[in-house]
Protein chains: 2
Amino acid sequence: MSGSVRRAMPSIEIVAKEAGVSTATAGRALGGYGSVSRKSREAVQAAAERLGYRPNSLARSMITGLTHTLGVLVPDIENPFFSRALRGIADAAHERGWEVLLVNTDEDLALERKALGVLAERRVDGLVVAPTDVADRDALQAVVDAGIPIVLLDRRVPGLDADTVGIDNRAAAKDATERLLKLGHRSVALLTGGDEKLRPKLSRPGLRGVERLAATTVGARAAGYRDALVEAGVEPRPELVSAEGFRREDAAAATRRLLALPDAPTAILALDSLLALGVLQALRGLGMRCPADVSLVAFDDADWAEAISPPLSVVAQPIYELGAEAGRLLLDRVQGSDKRFTHRRLPTRFIERESAASR
Amino acid sequence: MSGSVRRAMPSIEIVAKEAGVSTATAGRALGGYGSVSRKSREAVQAAAERLGYRPNSLARSMITGLTHTLGVLVPDIENPFFSRALRGIADAAHERGWEVLLVNTDEDLALERKALGVLAERRVDGLVVAPTDVADRDALQAVVDAGIPIVLLDRRVPGLDADTVGIDNRAAAKDATERLLKLGHRSVALLTGGDEKLRPKLSRPGLRGVERLAATTVGARAAGYRDALVEAGVEPRPELVSAEGFRREDAAAATRRLLALPDAPTAILALDSLLALGVLQALRGLGMRCPADVSLVAFDDADWAEAISPPLSVVAQPIYELGAEAGRLLLDRVQGSDKRFTHRRLPTRFIERESAASR
DNA sequence: CCACAGATTGAGAACGTTCTCACCCAAGTG
DNA sequence: CACTTGGGTGAGAACGTTCTCAATCTGTGG
């Protein structure tokens, strides 16, 4: 056993009594505000040290109106995209003396709504939200109206008073698709992971349709994919757009289905790295080789992308920077910035490795 | 614009006034304690609804002494091990109405100590800590003494009053090494990732040395590796134990060094999946093939392990369950359990795939 | 009609800080 | 000497809840 066991933490009143001053003076000595004589300060600090005093930040927050806490709402922290982005957010927050309260929403609208309520009750100073695709604009706006600024990460919510940080999904997807087309591929599949409604929209979009499509992340990328095809004079084939689910097994199944098609795709664009793993797994199962039989390009430069055989060509997003920028933007708002809402697009980088070959 | 903009959130006093009752009654009506007439309750609820009232959980915590917040201290949330474990913790917490405050320590002792202070000031109800290898026992014990229970995840801190959740690292490493030995390998390398001090200790340990070694996670696994060698009558060779660093590049460099050795290893045991990626990368660079030229087994069943070629044989830890169990254990303590401290070891599972072949 | 138990209510304390304000005192200034 | 100045101090309010306690109301049984 080391040191004495104390159950309840001492309050500033106890410290003041021990130091022989008033609570007001003790507060000033420890909090670094107001003015205190050297003698008082030293007496208080010694007493605090002796008693193992820790200020109660709850009481402080009640007075100051600041919790120095940022809420972070992500679909799933296990997803490498979000864990890396969270790291960026946390670092930005920490750097300026803020902490991070994390909630997973599981892409579940009801959970997201409930979490917003909980975080509002905790009086977080601001919120970084990666909303579900069908985000509840009103619930988010209500939080903003209550005085809690929001920064959206990765996805956008039309009409919401919030800053946004993300990439140009449409341009990035278009670029990736163009690269596959330039390699001679004419039958390029798109693995989106979700949003069943995409496929029909993609076939006969009309201008209005494409614009509406581009509102979600997946939608924007699908639109970019389509842009590239159309510009290259390749007719988009709805059956080449797969939206079976977000899990690896879903992607594997989708790949098997795609490759069984008449006039099967010779190249696949996967919208995230987990889906790419599914493709790889399916190819291995089918005895097909990448890139000899099928070329593959994926979004996100996962840590394994460079190490596997063949190394995967990817659209790299600056994920950490996305999170850090969101954190900084949010803290600016928290600290009183009332600039117009910005929609920041960070640049992506195509990393050419060996999984996409000419045909 | 939708709805009216309100900057400051209404307090219960405003709601009470609006409903024509006292704050006490309003509190009872909204908080679900005490007894309230149906009429009052309905009036209060209607007023609260109208004003968009959200209780201030800070004020509540001041009274009840519970913040319903769990602190989580991990080295790096980007590490898939910790992000998965965190998911387990968060789910367990959420299930019982708790939230999670996250801090990264970057394996930095000073940061860990500072974070402990911050979380104590926030009056978190409990703490899940994955301590750095050289954890500050006294700092942790001080938190426990202040009445905040701690559950240790993955690593142990001797002499600390805390529950522990992890795996039997020594047995798991021994099992993995034995499997490689059974395949006929006689020159098996160990890639630990860190702790330079390990190597010399491993060569002439003596009983005392091995026991001390086994205190850290890495150390315990190294001891298990050694156990297997000794039992099989293979002389441990210190130069086959690499501890160059935790990053992928470090592992790649270490692999190149190992394979340039006279009597080079024909099998490698990597202590985490990131290190395994480094091995794979180095092998590709050297034009060597797995498992034809070198067999590889790694800890942790990363999401890519099954999808790459060859699929990686791994020691799978129940990572999510580890986190969830830590969360549950902690909440039991928070809610008053004073059972003896337990050290829970969850079972690991060796998943045989194709990266380890007989020689 | 009275007494009484139990439900319902409101005033005010409590939690642990920071903030406001009035006061004291020593050191200048005219 | 009277008057200002300003650092230092403590009493008490404030933040928004929950808790304690006494008072009031309601209905029931005698």
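So you know, we letter chains A, B, ... as the sequences are listed, proteins then strands, and number each from 1.
As a whole-Å value, the separation of A:Ile14 CD1 from C:dC15 P is 10 Å. D:dT9 atom C1' lies 14 Å from atom CZ of A:Arg41, rounded to whole Å. The separation between A:Asn56 atom CG and C:dG16 atom P is 7 Å, rounded to whole Å. In this structure, CZ of B:Arg60 is placed 10 Å from P of D:dC19, rounded to the nearest angstrom. D:dC15 atom C1' lies 12 Å from atom CD1 of B:Ile63, rounded to whole Å. Going from atom NZ of A:Lys39 over to atom C1' of D:dG8 covers 12 Å, rounded to whole Å. For the pair B:Glu13 CD and C:dA11 P, the computed distance is 11 Å after rounding to whole Å. B:Arg122 places its CZ atom 15 Å from the P atom of C:dT17, with the value rounded to the nearest Å.
Residues forming a salt bridge (Lys or Arg N to Asp or Glu O under 4.0 Å) with A:Arg340 (at least two apart in sequence, or on another chain): none. Take A:Glu95 and apply the side-chain hydrogen bond (donor to acceptor under 3.5 Å, both in side chains) test, not counting sequence neighbours, and it matches no residue. With sequence neighbours excluded, no residue forms a ring-ring contact (aromatic ring centres under 6.0 Å, His included) with B:His94. Qualifying salt bridge (Lys or Arg N to Asp or Glu O under 4.0 Å) partners for B:Asp136, counting only residues two or more places apart in sequence or in other chains: B:Arg113. Checked against side-chain hydrogen bond (donor to acceptor under 3.5 Å, both in side chains), A:Gln335 has the following partners two or more places apart in sequence or in another chain: A:Arg96.
For B:Asp161 and B:Gln141, the side-chain atoms include at least one donor-acceptor pair closer than 3.5 Å.
Mapped onto DNA chain D by nearest heavy atom, A:Thr23 and A:Arg123 fall at different nucleotides, with A:Thr23 at the one closer to the 5' end. Along DNA chain C, the nucleotide closest to B:Ala26 and the one closest to B:Ala59 are compared, and the more 5′ of them pairs with B:Ala26.
Checking C:dT9, C:dC19, D:dG16 against the side-chain heavy atoms of B:Thr25 singles out C:dT9 as nearest. Distance from the side chain of A:Met62 is smallest to D:dG16 among C:dG10, D:dG16, D:dA14. When each of C:dT17, D:dG8, D:dT17 is scored by its nearest atom to the side-chain atoms of A:Ile12, the top-ranked nucleotide is C:dT17.
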Dot-bracket for DNA chain D, please, read 5' to 3', with Watson-Crick or G-U wobble pairs under 3.5 Å on both distances, ( ) within the strand, [ ] crossing, | other strand, . unpaired. ||||||||||||||||||||||||||||||
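Within 4.0 Å of B:Ser61, counting heavy atoms only, lies no atom of the nucleic acid at all. Using a 4.0 Å heavy-atom distance criterion, B:Ser57 is classed as making no nucleic acid contact.
Scanning residues 28-36 of chain B for heavy-atom distances under 4.0 Å to DNA chain C yields B:Arg28, B:Ser35, B:Val36.
Remark: of the listed residues B:Asp125, B:Asp338, B:Asp163, B:Asp163 is the sole one forming a side chain to side chain donor-acceptor pair (under 3.5 Å) with B:Arg333.
Pairs of residues two or more places apart, or lying in two chains, that qualify as salt bridge (Lys or Arg N to Asp or Glu O under 4.0 Å) and include a residue from residues 66-77 of chain A are A:Asp76-B:Arg87. Applying the salt bridge (Lys or Arg N to Asp or Glu O under 4.0 Å) rule to pairs touching residues 15-33 of chain B yields B:Glu18-B:Arg50, sequence neighbours excluded.
To the nearest 0.5 angstrom, B:Asn104 atom CG is 10.0 Å from B:Phe82 atom CZ.
Distances shorter than 4.0 Å separate none of the side-chain N or O atoms of B:Thr64 from OP1 or OP2 on C:dC15.
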